[in-house]
Every structure is written in C-alpha cells, then in structure tokens.
Undergrad: 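This is the structure I want to talk about, given as structure tokens.
Hydrogens, waters and symmetry mates are skipped; everything else that's a heavy atom, side chains included, is used.
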Amino acid sequence: MSVGPAGPVGEAPTTVPQDPYALVRTRGYLKLLLVAAAIGFPVCAVAFGFLALVHELEPLIYQDLPRALGFAGTPLWWPVPMLLVAGLLVGLTVRYLPGGGGHEPADGLALHGAPPLSALPGVVLAALASLSFGAVVGPEAPLIALGGGLAAGAVRLVDRGAPAQTVATVGAAGSFAAISALLGSPLLGAFLLMEVSGLGGPMLGIVLVPGLLASGLGALIFTGLGDWTGLGTYSLTLHDIPVASAPTVPEFGWALVIGLAAGFAATGVGRLARFLKGHVARHRVPATMVMGLVVGALAVAFAVSTGKPASEMLYSGQSALGSLFRDSAGYTVGALLLLLLCKGLAYCASLSAFRGGPIFPALFLGAAGGVALSHLPGLSLTAGFAMGVGAMCVAMLRLPMTSVLLATLLLGKSGLTVMPLVIVAVVVAYVVALRLTPATAPDAPAPAPHPD
C-alpha cells in the first residue's frame, strides 16, 4: 500500500508528481485513510493512559510518599532528593536503553521520523521519571514519539513489506492524533506538525488528511475515557475565562514590549540549556543527577522565599496555567518575578538533561510574565496573559502560526478578542529571536560520552 513520495515523519516530500492529487484518487490512499482511522483509537487511548499515569504519580511522589514515611506533610526539602532520584533514573535510561530516552528537549521541537518499537520503553521511562518527579518539561515530545512509534510499528508488524512512505505517513498520523488530544484541537495539532515538518503545497493536505482523520476519531476515545474514568481529558483549554475588552492603543504598545522581552528571554534560555547539555552529554548519569539537584534546590528556594508550594514552580506548568490566571491576585509582583527566575533556570536545567517537551514550560513562563506586567498601567490581565503565552511560545519554538493559535484557543472567546494583540507580540518575538540566533553552521561532532 504505497501512498506516494513522502520522507520520514517530519520531513517534506522529496519529489512532487505532475498531478499532486492523483495519489488521492488511488485505492491505496483510501486504504491509508482506513488505517489512519483505525490507528487514532488505540493511539489516543495510550496517550490518555500515559497522561493519567503522570497525573497519578505526581501526588503519589510528593504527597503520599512523605506521609507513608512518617512526615506530617511534604517537607520543604522534599523536591531535592526526589529530583536527584529522577536524575539518576533518566541518566541511566538515556545511557543504557535503546533510543537514548527520546528527543533532546534542548534542541527544540523537531520530528525526525517515528522511533522504532525498541526505543519506546526508554522514551516512556525517561519521560515518566522527568514529568512525575517535577522536572520542568512538558509531555508533548514523548506523546509525539509514542503516537508515531506505535502507529508505524503496528504497520510494520501487520505488513512487513509495507513501503517506507506508508509507514512514515501512518507514523505521522499517530503523532498527529496523540499531540492533538493533548492540545485539545486537531486543528492546532495540524498547524503544529505542519510548521515543524516544513510541509507545503499540495502534498501538505495529502499528508495531513490521514492525521486529521486519526486525531478527530481518536478524540472521541480521549474524551470518552476522561468521562468514564472521571480523570478529565488533560487538554490545555482553560475554563471560566472572563470576557476580554477590545484591544486598546496602549496594549498594542505593550505587545511590542512583550514580544521584545520574550525574544531576549527565550534566546537566553535556549543558549544556557544547550551550553549545559554539552556538559551533561559528557557525564550523562552524574550530570543529570546534578541538574536534578539544581531543579530541586530552585523549588525549595522559591517555596521558602514566597511561602507558596514548591509544586507551583515544578512540573511543566500545563495544569497550573488556569490557576495562575484565576488566582493572579494572590501573587505579588515580587513573587511573580521570583517565579519567573526560578522556573526559568529550572527550565534550562531540565531541557539540558531530562526528557520531555519544551512547549508547556514556555507557555507558563510567558503567561507569568504577562501577569506580572499586567500590574502596570495600560495592560489588562487577559491581554497580558495571552500575549505572554504567544510571544514566549514562538520565541522558543519558532512556530508563529501555532503560537498565535495556542494563545487564542487557550482563552476561548476572549482569545479571539485579543488575537490582534497576540499577533503583534508573536511577530515581534519571532523576528527578535531569529535576529539573535547566529547563522547556522555545519554540525559539529557530538562529544563522546565519558564513562561514569
């Protein structure tokens, strides 16, 4: 069942036929759509199970375990040993299991083809240790790897003679379904994978249609499991957002400021994370443990200084976005600035050594920055929140359309109202981040691992 000239998942097709839509008229493409539809159900079920497991492990590690050991509550210092253990688990997984634990988050969000089935246990273990113990990374990269790996692996198991193009397209559909379920919108997942992969022209629709079908049908499973188990859907969409007022002239001025600040901040985060990553690669296990200690110490410092739980600084920030918006009045400007500093540094350390995705911590940092600036004249809370999310997202990921949609869909109807402001902030942040990025040089050889 050949589907045409597509490269590995995430790569643009190498050739385009004279009639690019001839492929859609073939029987093989219809079979591909049926396969994609069937793949969407189990992939979204696995994605739901992965997110549910992370959700259950977090309180088990930070609430139930200390009580089981005889503590009245969670000690202030608890994140330090927990992140040390996480560093050990992730370091050993990356060092000794196939696949290196999956995607390096310090490299941004990129698709390099569906991983083989043999690499998926390492991806899951490294991601669970990172996410559940509190490292500042998100679940999107492991979900993309799981969805793509399972989908492509299923095709290879069912039809060992399947063309590489078919395997790649079904793998892309699996990744599409998994990430769309998390983001809460197949449309948003489509834009993300489209921008990451660099697909364009007529082949864009041909390759994205199986993914849209898989994610649309898979969303039924994701939502159904959430209702059946009572665990929710784990999607990003916020609720109970107040109605936003129309953009004002001062807020367009703030869009320039927020875009500029996000461009510089994200560039600093990326450079520090890649610098640390080079040192971690030479001494994988001990260096990952050190990065875990750094994240834990920053969480303790934040909790001691602000009186707030360390959990507000740990993790990806995905589940904390709603509470940050609703409870923003409970944060002083000083506490917000300390949150930005501590979580930003923990983000750098986590990107350099742990396994996960870079999206959600960037969203949280942008949102916290926007909330902090909303204390100044001329900027409403909703507008600052949305612009911060979009600007920091694009500065970290270089995905402008996805960043605008993320910030807009996150806030529902209010997001549509402030969309013009978000667009300005995203454009400014995108241009600044690109201008601060040095010209691409030939890849240097990776440092050889040092025996631990």
Side-chain angles (χ1 to χ4, degrees), residues 53-91 127-139 269 272-273 276 280 285-356 360-365 367-369 371-372:
L53 182 57
V54 171
H55 182 75
E56 293 299 314
L57 285 175
E58 289 174 1
L60 180 67
I61 293 169
Y62 277 90
Q63 296 174 23
D64 298 342
L65 182 57
R67 290 191 179 94
L69 294 176
F71 295 101
T74 304
L76 277 174
W77 48 263
W78 190 256
V80 174
M82 293 301 99
L83 268 300
L84 181 65
V85 171
L88 175 62
L89 294 175
V90 173
L128 284 177
S130 300
L131 297 167
S132 303
F133 282 82
V136 185
V137 287
V269 167
L272 179 56
L276 294 173
V280 170
V285 177
T288 305
M289 295 173 69
V290 170
M291 291 299 105
L293 285 174
V294 169
V295 175
L298 286 166
V300 172
F302 170 77
V304 170
S305 302
T306 63
K308 294 185 176 295
S311 58
E312 296 194 14
M313 198 227 78
L314 294 172
Y315 306 117
S316 68
Q318 172 195 352
S319 59
L321 277 170
S323 60
L324 174 66
F325 187 90
R326 291 189 300 269
D327 305 331
S328 58
Y331 270 96
T332 65
V333 175
L336 285 169
L337 293 177
L338 191 60
L339 175 62
L340 284 168
L341 176 63
C342 292
K343 196 174 185 77
L345 292 174
Y347 186 30
C348 296
S350 299
L351 288 175
S352 71
F354 289 92
R355 289 296 184 267
F360 291 101
L363 300 185
F364 185 88
L365 288 171
V371 171

Undergrad: Do any N or O atoms from the side chain of S316 and from the backbone of P361 form a donor-acceptor pair under 3.5 angstrom?
TA: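 A pair under 3.5 Å: no.
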Undergrad: At their closest point, which heavy atom of C342 faces which heavy atom of F302, and how far apart are they?
TA: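 Result for this residue pair: SG-CB, 4.1 Å.
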Undergrad: Just so I know, are the side chains of V371 and F325 near enough to count as touching, which here means a heavy-atom distance under 4.5 Å?
TA: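 Of all side-chain heavy-atom pairs linking F325 with V371, none is under 4.5 Å.
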Undergrad: By side chain to side chain donor-acceptor pair (under 3.5 Å), which residues pair with Y331, not counting sequence neighbours?
TA: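 Checked Y331 against side chain to side chain donor-acceptor pair (under 3.5 Å); matches are E312.
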Undergrad: Under the side chain to side chain contact (heavy atoms under 4.5 Å, CB included) criterion, do S352 and M291 qualify, and how do the steps go?
TA: CA-CA 8 Å; S352 71; M291 291 299 105; 3.6 Å; yes
Undergrad: When you compare the side chain of T288 with that of L88, does any pair of heavy atoms fall below 4.5 Å?
TA: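 Not in contact.
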Undergrad: According to side chain to side chain donor-acceptor pair (under 3.5 Å), does anything in residues 66-85 pair up with another residue at least two apart or in another chain? List the pairs.
TA: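 Output for this query is empty, none listed.
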Undergrad: For the atom pair CZ (R326) and CG (L321), what is the distance rounded to the nearest 0.5 Å?
TA: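 CG of L321 is found 10.0 Å from CZ of R326.
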Undergrad: Contact between T332 and L336 at the side-chain level, heavy atoms closer than 4.5 Å - yes or no?
TA: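 Result no, sub-4.5 Å side-chain heavy-atom pair not found.
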Undergrad: Answer yes or no: is there a donor N or O on one side and an acceptor on the other, between the side chain of K308 and the main chain of L339, under 3.5 Å?
TA: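 The answer is no, because no donor-acceptor pair under 3.5 Å joins these two groups.
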Undergrad: What are the two closest heavy atoms between F133 and M82, and how far apart are they?
TA: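 For F133 and M82, the tightest heavy-atom pair comes out as CD2-O, 3.2 Å.
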Undergrad: Can you tell which of V80, L345, V136, L314 makes a side-chain contact (heavy atoms from CB on, under 4.5 Å) with L298?
TA: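 For L298, the side-chain contact (heavy atoms from CB on, under 4.5 Å) test succeeds with only one of V80, L345, V136, L314, which is L345.
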Undergrad: If you measure from CZ on F354 to CG on L89, what distance do you get to the nearest 0.5 Å?
TA: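 Rounded to the nearest 0.5 Å, the CZ-CG separation comes out at 9.5 Å.
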Undergrad: Where do A368 and L340 come nearest, in terms of heavy atoms and distance?
TA: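 Distance-wise, the nearest heavy atoms are CB-CD2, 3.8 Å.
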Undergrad: Is a side-chain N or O of S323 found less than 3.5 angstrom from the main chain of A320, in a donor-acceptor match?
TA: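 At least one qualifying donor-acceptor pair exists.
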Undergrad: Within this structure, what is the CD-CG distance for the pair E58 and D64, rounded to the nearest 0.5 Å?
TA: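 If we round to the nearest 0.5 Å, E58:CD and D64:CG are 12.5 Å apart.
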Undergrad: Taking the side chain as every heavy atom from C-beta outward, state whether S350 and S130 have any atom pair closer than 4.5 Å.
TA: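 No; the side chains remain at least 4.5 Å from each other.
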Undergrad: Restricting to non-hydrogen atoms, name the atom on P139 and the atom on F360 that form the minimum distance, rounded to 0.1 Å.
TA: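 Looking at all heavy atoms of both residues, the shortest contact is CD-CD1, 3.5 Å.
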Undergrad: Go through Y315 and L131 one step at a time and tell me if the side chain to side chain contact (heavy atoms under 4.5 Å, CB included) criterion holds.
TA: CA-CA 6 Å; Y315 306 117; L131 297 167; over 6 Å; no
Undergrad: Give the minimum heavy-atom separation between L272 and C348, together with the two atoms involved.
TA: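 So the two residues come closest at CD2-SG, 3.7 Å.
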Undergrad: Any chance you could measure L293, atom CG, to L83, atom CG, to the nearest 0.5 Å?
TA: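 Reported to 0.5 Å precision, the distance equals 8.0 Å.
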Undergrad: Determine the minimum heavy-atom distance between A129 and A86, stating which atoms define it.
TA: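 What the structure gives for the nearest pair is O-CB, 3.6 Å.
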Undergrad: Would you compute the distance between atom CG of L53 and atom OG of S132 and round it to the nearest 0.5 angstrom?
TA: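 With rounding to 0.5 Å, CG (L53) is 6.0 Å from OG (S132).
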